[in-house]
Every structure is written in C-alpha cells, then in structure tokens.
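What you see below is based on every heavy atom in this structure, not just the backbone, and it leaves out hydrogens, waters and symmetry mates.
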Amino acid sequence: MRIKRKEKEADTIMRYENVRSGIFLSRPNRFIAMVDLDGETYPCHVKNTGRLSELLVKGTTVYVEEHDNPNRKTRFSLIAVMRDGSLYNIDSQAPNKVAKEWVEEGSFLSDVTLIKPEKTYKNSRFDLYIETKSEKIFMEVKGVTLNREGIGYFPDAPTERGKKHVLELIDAVKNGYRACVLFVVKFEEAKGFRPNRERQPDFADALLLAQKEGVQILAVYCHVKPDQLKIVSQIPVFL
C-alpha cells in the first residue's frame, strides 16, 4: 500500500518520498530485511544497525521508502515499524535531521546565529555545532526506539562510541564551550527518557558524570508518521 499525503504541513517536517507498507518477514543480517510488499518478497536496506529485536518481529507491519536510483543495491529502505499499536521510526539518520530542524525553528534556543553539522572537536566529531551571540555549543544527538512502558531507553546495545562522545563533551565544557546530549525518542507520547543501565552501566555512569560537569542532558519525543518525523516537545530525563 502506498502512502498519500492529504495535506501540506510545515516545511520543517522531515519527509520521506514514495512510502509503501509491507509485512516484515526476516532479517538475514543487520543491513537487510526481507519484506512482503503486495505479495512479493523484496530485500530492503535497514537504516539502523541496532538489534531492534523488540520491533522487527515476523508478521509486523513495516514501512519502506522506494528509491529510483539504479545504482543502489536495494530498491527499498526500511524506515518505520508498527508495533503494539504504536509507530516507531527506525531510521538512524533521522534524529540528526530532525534535531537540526528543531534548532533552526528556535525550539532549543531563540538566538541561534549558526548551525553546522558534523563538527570536529579533538578526537570526536559531534552531530551539531551551534553558535549564538554569546555561546559556542556542541550537541550530540542519539536516536531512541527502545520503549519500556512509555519510557525511552538508550542504548539497546552497548556503544563505546556513544560513551566516548559523552566524555569528550565534558572536556568541551571545561574549555569554555556549552555542550548538550539530545536523545530523540522516536515513538509517540513518550513520557520520559532513561539510560539503559541494564544494557550498558558505564554509559549511564558517563551521563551522570557529564551532567555533574555541566553537560545538558535533554530528551524530546517525536510525532511519527510513515512518511514524516518531527520533534514535538521535551520530556523528562531520569538519570
């Protein structure tokens, strides 16, 4: 089934083109999912290398974006999953895009004068570099899909890279920068965010240390549609 837009929404909403619904069949490896689209089976690129075992269950409704690039190995990309009545965006590239839109529209700070993606600081490359008239800010963005009773948890698998970035933000604060970790929860009506201490306790400890050293730990939840994603509002962080 193809998704048709019924109305024009704000230009700041991140959009996908040529979205179709299908049925998830299997995931032979972390890059490929087999999806039934109108009775035919297609390999689809999974835009997320996480485990996603709680979402990608055989028989689940999924949404894919169809591409017309003849040089691609796969014709479709898997971007969203319907699970237990809720829609989850699983595109790992989407959080950076919606975070940039969120900053651009003034929802983070009202006096932003510059936004640059992928800015290097010492041994790390942070997702966003932001300037106001008085501050220089590094922002690291993390996408969240793990849902436990309405609370978003990160990570769903250990991430040494994520821990390294958090610790490097502490160094940035000590050198006069403002720093922030933004967790983008990609399912509707999330009630809060919590680090997944059970999965990676040292990442949770790094967040606690970062907060004590002046790094902002923020979380937001998104309005999710098969062909759209947009940050709605901030939600509580429980460290």
Mind listing the closest non-hydrogen atom pair of [X] and [Y] along with its distance?
{"X": "Gln200", "Y": "Ala157", "answer": "OE1-O, 4.4 Å"}
{"X": "Phe108", "Y": "Cys180", "answer": "CE1-SG, 4.5 Å"}
{"X": "Ala33", "Y": "Leu78", "answer": "CB-CD2, 4.0 Å"}
{"X": "Gly152", "Y": "Val185", "answer": "CA-CG1, 4.4 Å"}
{"X": "Glu105", "Y": "Ser107", "answer": "OE2-OG, 3.1 Å"}
{"X": "Gly143", "Y": "Pro95", "answer": "CA-CG, 3.6 Å"}

Heavy atoms, side chains only, cut-off 4.5 Å: are [X] and [Y] in contact?
{"X": "Ile130", "Y": "Met139", "value": "yes"}
{"X": "Leu167", "Y": "Leu209", "value": "yes"}
{"X": "Val103", "Y": "Leu109", "value": "no"}
{"X": "Lys119", "Y": "Phe126", "value": "no"}
{"X": "Pro226", "Y": "Leu87", "value": "yes"}
{"X": "Pro117", "Y": "Asp127", "value": "no"}
{"X": "Glu104", "Y": "Ile115", "value": "yes"}
{"X": "Ile23", "Y": "Thr60", "value": "no"}

Between Asp91 and Tyr16, does a side-chain hydrogen bond (donor to acceptor under 3.5 Å, both in side chains) hold up when you go through it step by step?
CA-CA 11 Å; Asp91 179 359; Tyr16 298 96; 2.8 Å; yes
I need the [X] [atom1] to [Y] [atom2] distance, nearest 0.5 Å.
{"X": "Ile137", "Y": "Leu169", "atom1": "CD1", "atom2": "CG", "answer": "12.0 Å"}
{"X": "Arg125", "Y": "Glu118", "atom1": "CZ", "atom2": "CD", "answer": "4.5 Å"}
{"X": "Asn89", "Y": "Leu229", "atom1": "CG", "atom2": "CG", "answer": "4.5 Å"}
{"X": "Glu66", "Y": "Thr74", "atom1": "CD", "atom2": "OG1", "answer": "11.0 Å"}
{"X": "Ile170", "Y": "Lys212", "atom1": "CD1", "atom2": "NZ", "answer": "10.5 Å"}
{"X": "Lys225", "Y": "Ile13", "atom1": "NZ", "atom2": "CD1", "answer": "7.0 Å"}

For Tyr88, give me all partners under side-chain hydrogen bond (donor to acceptor under 3.5 Å, both in side chains), at least two apart in sequence or on another chain.
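By the side-chain hydrogen bond (donor to acceptor under 3.5 Å, both in side chains) rule, Tyr88 matches Asn147.
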Take Val173 and Glu213 through the test side-chain contact (heavy atoms from CB on, under 4.5 Å) and record every step on the way to the result.
CA-CA 8 Å; Val173 169; Glu213 296 292 339; 5.7 Å; no
My understanding is that only one of Lys164, Lys163, Arg197 makes a salt bridge (Lys or Arg N to Asp or Glu O under 4.0 Å) with Asp202; could you say which?
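The passing option is Lys163.
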Salt-bridge criterion met for [X] and [Y] (N-O under 4.0 Å):
{"X": "Arg20", "Y": "Asp38", "result": "yes"}
{"X": "Glu168", "Y": "Lys122", "result": "no"}
{"X": "Glu101", "Y": "Lys97", "result": "no"}
{"X": "Lys142", "Y": "Glu140", "result": "yes"}

Using ring centroids (six-membered ring only for Trp), state whether [Y] and [X] fall under 6.0 Å.
{"X": "Tyr177", "Y": "Tyr121", "answer": "yes"}
{"X": "His67", "Y": "Phe76", "answer": "no"}
{"X": "Phe193", "Y": "Phe238", "answer": "no"}

Which of these, Lys73, Arg72, Glu65, sits in a side-chain contact (heavy atoms from CB on, under 4.5 Å) with His45?
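Answer after filtering Lys73, Arg72, Glu65: Arg72.
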Counting heavy atoms not belonging to Asp68, are there more than 12 under 6.0 Å from its CG?
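At most 12 heavy atoms, drawn from other residues, nucleotides or ligands, come within 6.0 Å of this atom.
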So does [Y] get a backbone contact from the side chain of [X], meaning a donor-acceptor N/O pair under 3.5 Å?
{"X": "Thr132", "Y": "Ser134", "value": "yes"}
{"X": "Lys47", "Y": "Ser92", "value": "no"}
{"X": "Arg27", "Y": "Arg51", "value": "yes"}
{"X": "Asn196", "Y": "Pro155", "value": "yes"}
{"X": "Glu188", "Y": "Val224", "value": "yes"}
{"X": "Thr41", "Y": "Asp36", "value": "no"}
{"X": "Lys191", "Y": "Glu149", "value": "yes"}
{"X": "Arg178", "Y": "Lys136", "value": "no"}

Would Gln234 and Leu218 satisfy side-chain contact (heavy atoms from CB on, under 4.5 Å), going step by step from the backbone distance to the final call?
CA-CA 7 Å; Gln234 290 192 45; Leu218 302 176; 3.6 Å; yes
Under a 4.5 Å side-chain heavy-atom rule over Ile, Leu, Val, Met, Phe, Trp and Tyr, are [X] and [Y] clustered together?
{"X": "Val184", "Y": "Val181", "answer": "no"}
{"X": "Phe187", "Y": "Val141", "answer": "no"}
{"X": "Phe154", "Y": "Ile231", "answer": "no"}
{"X": "Leu208", "Y": "Leu182", "answer": "no"}
{"X": "Ile90", "Y": "Ile32", "answer": "no"}

Check the pair Val166, Leu207 against side-chain contact (heavy atoms from CB on, under 4.5 Å), reporting the backbone distance first and the verdict last.
CA-CA 7 Å; Val166 170; Leu207 282 182; 4.0 Å; yes
Go through it in stages, so that I can follow the logic: the residues are Leu146 and Glu54, the test is side-chain contact (heavy atoms from CB on, under 4.5 Å), and I'd like the CA-CA distance, side-chain angles, deciding distance and then a yes or no.
CA-CA 8 Å; Leu146 182 56; Glu54 75 285 350; 3.8 Å; yes
